[in-house]
Amino acid sequence: MSGHAAPIPMTARRSGPLTGTAEVPGDKSISHRALILGALSVGQTVVTGLLEGQDVLDTASAMRAFGAEVERQGAGHWTVQGVGVGGFAEPVDIIDCGNSGTGVRLIMGCMATSPITVTFTGDASLRKRPMARVTDPLSLFGTRAYGRSGGRLPMTVVGAADPVPVRYKTPVPSAQVKSAVLLAGLNAPGETVVIETEPTRDHSERMLKGFGADLHVEDTNEGRVITLIGQPELRAQTVAVPRDPSSAAFPVCAALIVENSDILVPGVSQNLTRNGLYTTLVEMGADIEFGNPREEGGEPVADLRVRFSALTGIEVPAGRAASMIDEFPVLAVVAANAEGTTIMRGVKELRVKESDRIDAMARGLEACGVRIEEDEDTLIVHGMGPGGVPGGATCATHIDHRIAMSFLVLGLASRQPVSVDDGSPIATSFPAFEGLMAALGADITRGS
Ligand SMILES: O=C(O)C1=C[C@@H](OP(=O)(O)O)[C@@H](O)[C@H](O)C1
Ligand SMILES: C=C(OP(=O)(O)O)C(=O)O
């Protein structure tokens with residue numbers, strides 16, 4: 001929904017030890033894809049553990065507008081009666097993807113090779129984000145797009161009536177771009193090929209295969225080459241959505257920096273395209289046990305036991321950025337509570353998320369007394385040691401859920417409270433955040 005709710009100021013105060021179990025909600029990336037692939041399949045897809053965050057609810061509404069029957073049967077339990085590849089009807093109204101880059105870009109992909117015309121919009125954050133990264137490769141299929149200057153929403157996309165398959169090397173490491181091209185390739189005859197030089201999250205590839213697409217992935221000198229044969233009949237599936245490692249990052253990082261904490265976070269994805277934060281935290285000296293490794297919903301997962309730790313700053317290699325792209329804001333908070341300097345390189349994609357996350361973190365951390373250095377592609381945090389951040393500031397969240405949650409985690413370990421001007425965007429990805437953190441013992445309240 002693009003109408004931004006009234007701002008909800010929130011404040012976090014230094015807390016006693018966090019203890020207990022944090023059962024984080026379903027993975028946002030997989031939830032979007034379960035609804036989209038369900039809508040493109042023949043038969044009824046059943047989804048359990050769906051994330052009922054606003055981003056995913058907006059994708060559910062969009063799938064209904066294209067003709068799929070999407071119904072909520074119970075908490076996290078949804079069914080999708082699909083229309084099949086090439087079966088999308090033209091929506092009679094604008095598709096509003098709210099705050100969700102994943103939603104709008106993947107949906108543009110899956111309508112781009114059908115003979116329909118669709119107008120997309122989103123909230124004030126999404127309307128600032130670049131769409132040409134998706135509409136450029138879609139134009140190779142024969143799709144046309146007419147947006148505001150700079151390729152911004154609102155944007156009207158005219159699907160190709162006679163699509164041709166494409167071969168496309170992604171110029172930015174983006175799972176959204178890769179996925180949009182693959183989804184468009186579903187309704188183009190012949191082979192669509194996407195080549196990525198830096199691997200990004202691979203949920204689309206795994207799930208497309210699971211729904212019956214003919215897709216194979218090969219690691220070559222040129223990069224990861226993904227080949228999809230167009231016009232398959234996708235078959236409805238049962239999808240058990242695993243928990244979201246990006247949401248798990250908040251209780252995990254909170255426990256690492258709040259003295260004497262000891263928590264359990266079950267079912268955290270160990271998918272190599274998603275687990276960069278956890279590798280980084282261990283390198284910084286985090287006391288994390290990875291117990292009971294197993295598969296859930298087609299993803300490798302483990303139960304994490306996380307204890308308060310004395311951490312040391314490190315240099316995070318640029319090659320790891322894609323596997324932890326949404327976790328840099330909360331890593332910056334952890335880094336501020338570590339000894340020494342943490343250098344995050346290759347992070348310029350953070351500038352085109354829900355907000356410019358490098359700028360938002362730098363300004364908020366500075367306001368809380370932390371020394372920061374930054375350039376276009378780098379963020380450097382000078383750590384103040386465990387519990388050493390002064391705090392005592394109100395940080396601007398810029399309609400960005402991850403910025404809001406990161407600064408609230410910071411406040412739990414800072415000398416003075418840390419407030420955010422608006423915690424309402426948290427509902428886009430982690431509506432249970434406040435209750436879950438309170439149950440662990442975190443002192444987070446509404447108001448400034
Ligand atoms: O494909 C996805 O589900 C996502 C891909 C990433 O974006 P980019 O592809 O723009 O890097 C990530 O930041 C986003 O939260 C979810
Ligand atoms: C970047 C994110 O999401 P999206 O691109 O889907 O808005 C995120 O959830 O951190």
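- Side-chain contact check for Glu23 versus Arg243: some heavy-atom pair is nearer than 4.5 Å.
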>> With salt bridge (Lys or Arg N to Asp or Glu O under 4.0 Å) as the criterion, how do Glu315 and Arg345 come out once you've worked through the C-alpha distance, each side chain's angles and the decisive distance to 0.1 Å?
In response: CA-CA 8 Å; Glu315 175 157 349; Arg345 296 202 193 281; 2.7 Å; yes
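- With respect to Arg294 and Glu296, a salt bridge is recorded, a charged nitrogen being found less than 4.0 Å from a carboxylate O.
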>> Using the rule given for side chain to side chain contact (heavy atoms under 4.5 Å, CB included), can you reason through Tyr168 versus Ile195, listing the C-alpha separation, both sets of side-chain angles and the distance that settles it, and then say yes or no?
In response: CA-CA 6 Å; Tyr168 189 67; Ile195 302 152; over 6 Å; no
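- With rounding to the nearest 0.5 Å, the separation of CD1 in Ile403 from CG in Asp422 is 12.5 Å.
- Taking CZ from Phe308 and CG from Leu256, the interatomic distance works out to 9.0 Å, rounded to the nearest 0.5 Å.
- Taking CG of Leu182 as the reference point, atom CE of Met207 lies at 13.5 Å (rounded to 0.5 Å).
- A donor-acceptor contact closer than 3.5 angstrom is absent between the side chains of Arg144 and Ser139.
- With hydrogens and angles ignored, the 3.5 Å screen pairs a side-chain donor or acceptor of Thr220 with a backbone N or O of Glu222.
- In this structure the side chain of Pro242 reaches within 4.5 angstrom of the side chain of Ile30, judged on heavy atoms.
- A salt bridge is defined here as a Lys NZ or Arg NE, NH1 or NH2 lying under 4.0 Å from an Asp or Glu carboxylate O, and Arg305 with Asp287 fails to meet this definition.
- You'll find the side chain of Lys28 reaches within 4.5 Å of the side chain of Asp55, heavy atoms only.
- Checking Arg127, Arg129, Arg402 one by one against Glu354, the salt bridge (charged side-chain N to carboxylate O under 4.0 Å, His left out) holds for a single residue, Arg129.
- For Glu191, there are no salt bridge (charged side-chain N to carboxylate O under 4.0 Å, His left out) partners two or more places apart in sequence or in a different chain.
- In terms of heavy-atom proximity, Cys253 sits nearest to Val409 at C-CG1, 4.3 Å.
- With a 4.5 Å cut-off on side-chain heavy atoms, Met155 and Thr135 count as touching.
- Across Leu350, Asp375, Thr378, Ile372, a single residue satisfies side chain to side chain contact (heavy atoms under 4.5 Å, CB included) together with Ile358, and that is Leu350.
- Between the NE2 atom in His32 and the CD1 atom in Ile36 there is a gap of 7.5 Å [rounded to 0.5 Å].
- Nearest heavy-atom pair, Phe141 versus Thr192, reported as atom, atom and distance to 0.1 Å: CE2-OG1, 3.7 Å.
- Using cut-offs of 30° and 60° on the angle between ring planes, the pair Phe88 and Phe66 is parallel.
- Counting heavy atoms from C-beta on, the side chains of Leu51 and Val241 never come closer than 4.5 Å.
- With rounding to the nearest 0.5 Å, the separation of CD in Glu327 from OG1 in Thr280 is 9.5 Å.
- In this structure, the side chains of Val282 and Phe290 come closer than 4.5 Å at one or more pairs of heavy atoms.
- Among all heavy-atom pairs drawn from Ala34 and Val239, the shortest one is CB-CG1, 4.1 Å.
- Rounded to the nearest 0.5 angstrom, Ser174 OG and Lys178 NZ are separated by 9.0 Å.
- The pair Arg351-Glu374 counts as a salt bridge, with a side-chain nitrogen and a carboxylate oxygen less than 4.0 angstrom apart.
- Formation of a donor-acceptor pair under 3.5 Å by the Ser309 side chain with backbone atoms of Leu311 is not found in this model.
- Counted by atom type alone, Gln54 and Thr428 present zero donor-acceptor pairs between their side chains at under 3.5 Å.
- Among all heavy-atom pairs drawn from Ala22 and Leu436, the shortest one is CB-CD2, 3.9 Å.
- The closest side-chain heavy-atom distance from Phe120 to Met108 is below 4.5 Å.
- Side-chain contact between Pro232 and Leu186 is present, with at least one heavy-atom pair separated by less than 4.5 Å.
- His77 and Thr48 share no donor-acceptor pair across their side chains, judged by distance under 3.5 Å alone.
- Checking Thr279 against Arg320 by side-chain atom types alone, no donor-acceptor pair falls below 3.5 Å.
- What you find for Met361 and Ala332 is that their closest heavy atoms are CE-CB, 4.2 Å.
- The closest side-chain donor-acceptor pair between Arg72 and Thr79, if any, does not fall under 3.5 angstrom.
- Using a 3.5 Å distance cut-off with no hydrogens or angles, the side chains of Thr156 and Thr119 do pair a donor with an acceptor.
- Heavy atoms only, all atoms of each residue included: Pro251 and Val24 are closest at CG-CG1, 4.1 Å.
- Glu196 places no side-chain N or O within donor-acceptor distance of the main-chain N or O of Thr170, the cut-off being under 3.5 Å.
- Atom CD of Glu283 has more than 12 neighbouring heavy atoms from other residues, nucleotides or ligands inside a 6.0 Å radius.
- Side-chain N or O atoms of Thr45 include none that pairs as donor or acceptor with a backbone N or O of Ser41 at under 3.5 Å.
- Of the charged side-chain nitrogens involved, at least one lies within less than 4.0 Å of a carboxylate oxygen, so that Arg133 and Glu349 count as a salt-bridged pair.
- Side-chain contact, His216 with Glu205: no donor N or O sits under 3.5 Å from an acceptor N or O.
- Using a 4.0 Å cut-off between charged nitrogen and carboxylate oxygen, Arg274 and Asp27 count as a salt-bridge pair.
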